[in-house]
Asks: 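Here it is, the structure, as structure tokens.
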Amino acid sequence: MKENSFVSADDIRSAFSAAMSLMYREEVPAYGTLMELVARVNGETLSADSTLKERLEATDSLERISEERHGAIRLGTPAELSMMRRVFAVMGMYPVGYYDLSTAGVPVHSTAFRPVGDAALKRNPFRVFTSLLRLDLIADEALRAEAEAILKERRIFTSGAVDLTEKAERDGGVDKADAERFVAEVLETFRWHDEANVGADMYERLHDAHRLIADVVSFKGPHINHLTPRTLDIDRVQALMPEYGIAPKAVVEGPPTRKCPVLLRQTSFKALEEPVSFRSADGGWRTGSHTARFGEIEQRGIALTPKGRGLYDRLLDESRKIVRPAADGSNAREYEAALTQVFEAFPDSWAEIRQAGLGYFSYSLTEKGRRTKLPGRRDLNSLIADGLIRFDPIVYEDFLPVSAAGIFQSNLGDGAQQEFEASPNQKRFETDLGVAVLNEFDHYAGIEQASIEGCLKALTAAMAAE
């Protein structure tokens, strides 16, 4: 097989993202409604803000907004996690970051599989937030052993998906026909199944331990529990959701409303209560229900440096000491007021954020810069002051543990979680994964530095050509 006959990982990822979106729209009609709302808000936002439109066009990210998605799945065993890594690698998606959600009472730890190169992100930035159940956090030893035995028996990947993944690894890629088969086979892993692997009594025991444990252990596979489009104005989406017949969660997770968005803000609609059949002792089925899948929307801001992230974390902690948001939304207004007040300490202009070293930026030549020939390298700040180089925020491509846990909890219900002691174990997670996760800060710093070097090289090369 000649290498040039292989379908690119970017194209496979794009095809899979489109297939996933179509499947989820059919399974959860409210997702289609959500997409209509987001398209409306994004269009209105761009029409009203020419500066935003110009900035998006300058960074080559305007076209990708409508295509952008992230999904989330929950896995049960190390073997499932390891194989999922191999499957996503065929799509050009790699594990970035480690997230310990036990700090927020959710018994999982996670990573985000996503493309990492600038060109790959611009082609299609599809991400999947992937969590692994922490069976070690289940206090009931008997229940833990039973759950482990149930999970050991299931097979979440089709034989076709495994064979094609192995073929791609062996040959270095797949051709068009195999790429189409690969997408179809892998899609089956994420499909909803309304027949549980367990009886109603076992489901209730798992559910009593934690609803998320029941969701992972009780079913044939890790059904996609949400797909998330990206909006340019999440507050507007939140306000319009009731008009579209969608009940939003009470509080938008993440930082407050700002002129210059940072990191990630998320909201969602409540999880659906769906009919499920449970196995009965006589070999038949018993009708019940399960709550798992929901709709989510996100607004992405600038990726923060370690200094910026430290300030963000401190301010978020301060605001939650003033008012801790209740799962039922009863103190939403008070929490939002506290969040807004506390975050006044975080600069809200791109120039101030850059000057303080709080965020990562991409640098490019202005029209004036493209016409200028420099006799030698000059200081970056003076080149910006002279209008030769512009800077634009680098989009945060990753996730926030507190926000992720907040979305989980709001959709699991007020009494859904028991308290788990914070128990980060990145080393164990990476052992189960089979590789080390990529460091997000190193990744963004590399993108920023490459853009600076590209500008300086272009300016000095123009003079050398004379």
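All heavy atoms count here, side chains included; hydrogens, waters and symmetry mates do not.
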Asks: Using modelled atom types only, decide if a donor and an acceptor are shared between the side chain of Ser382 and the backbone of Asp379 within a distance under 3.5 Å.
Replies: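 It does hold such a pair.
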Asks: Can you tell me if CD on Glu169 sees more than 12 non-hydrogen neighbours from other groups inside 6.0 Å?
Replies: yes
Asks: Which word best sums up how the rings of Phe391 and Phe361 line up, parallel for under 30°, tilted for 30 to 60°, or perpendicular for over 60°?
Replies: perpendicular
Asks: Does Arg390 pair with Asp392 as a salt bridge, N-O distance under 4.0 Å?
Replies: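 Here Arg390 pairs with Asp392 in a salt bridge, since their nearest N and O are under 4.0 Å apart.
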Asks: Centre-to-centre under 6.0 Å for Tyr98 and His109, is that the case here?
Replies: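 When the ring centroids of Tyr98 and His109 are compared, they turn out to be within the sub-6.0 Å range.
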Asks: Would you mind checking if Asp163 and Lys167 are paired as a salt bridge, meaning a charged N to carboxylate O distance below 4.0 Å?
Replies: no
Asks: Is the ring centre of Tyr24 less than 6.0 Å from the ring centre of Phe190?
Replies: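 Here the rings of Phe190 and Tyr24 have centres that are no less than 6.0 Å from each other.
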Asks: So do the side chains of His443 and Ile447 get within less than 4.5 Å of each other, counting heavy atoms only?
Replies: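 Yes; the side chains approach each other to less than 4.5 Å.
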Asks: Looking at Gly387, is its backbone amide N or carbonyl O close enough to the side chain of Thr366 to form a donor-acceptor pair, meaning the two atoms are under 3.5 Å apart?
Replies: yes
Asks: Hey, can you tell me if Phe441 and Tyr360 have their rings parallel, tilted or perpendicular (30° and 60° cut-offs)?
Replies: tilted
Asks: Are Lys321 and Glu318 close enough for a salt bridge, meaning some N to O gap below 4.0 Å?
Replies: no
Asks: With the threshold set at 4.0 Å, does a side-chain nitrogen-carboxylate oxygen contact exist between Arg320 and Glu253?
Replies: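 Salt bridge between Arg320 and Glu253, a charged N being under 4.0 Å from a carboxylate O: yes.
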Asks: Run Leu456 and Leu383 through side chain to side chain contact (heavy atoms under 4.5 Å, CB included) and show every step you take.
Replies: CA-CA 9 Å; Leu456 297 178; Leu383 293 170; 3.5 Å; yes
Asks: Please determine whether a side-chain nitrogen of the Lys or Arg among Lys259 and Asp348 lies less than 4.0 Å from a carboxylate oxygen of the Asp or Glu.
Replies: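 Salt bridge flag = no for Asp348 with Lys259.
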Asks: Can you tell whether the side chains of Asp235 and Arg265 come within less than 4.0 Å, N to carboxylate O?
Replies: yes
Asks: Quick one about Asp215 and His223 (side-chain donor to acceptor, distance below 3.5 Å, no hydrogens or angles considered), yes or no?
Replies: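 Present: a donor and an acceptor within the cut-off.
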Asks: Roughly how far, to the nearest 0.5 Å, is the OG1 atom of Thr231 from the CD atom of Gln238?
Replies: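 One finds 11.0 Å between CD of Gln238 and OG1 of Thr231.
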Asks: Can you tell whether the side chains of Glu36 and Arg40 come within less than 4.0 Å, N to carboxylate O?
Replies: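 Looking at Glu36 and Arg40, the cut-off is not met.
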Asks: Would you mind checking if Glu188 and Arg191 are paired as a salt bridge, meaning a charged N to carboxylate O distance below 4.0 Å?
Replies: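 Looking at Glu188 together with Arg191, the answer is yes, because their closest N to O distance falls below 4.0 Å.
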Asks: Just verifying a value: how many Å separate Arg13 CZ and Met20 CE, rounded to the nearest 0.5 Å?
Replies: 13.0 Å
Asks: Going by the angle between their ring planes, with limits at 30° and 60°, are Phe88 and Phe113 parallel, tilted or perpendicular?
Replies: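 Plane angle between 30° and 60°, so tilted.
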Asks: Considering only NZ, NE, NH1 and NH2 on the basic side and carboxylate oxygens on the acidic side, decide whether Asp317 and Arg314 come within less than 4.0 Å.
Replies: no
Asks: Does atom CZ of Arg170 have more than 12 heavy-atom neighbours, drawn from other residues, nucleotides or ligands, at distances under 6.0 Å?
Replies: yes
Asks: Counting only heavy atoms not in Arg258 (residues, nucleotides, ligands), do more than 12 fall under 6.0 Å from its CZ?
Replies: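 For Arg258, atom CZ is crowded (more than 12 foreign heavy atoms under 6.0 Å).
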Asks: With a 4.0 Å cut-off, would you call Arg127 and Asp398 a salt bridge?
Replies: no
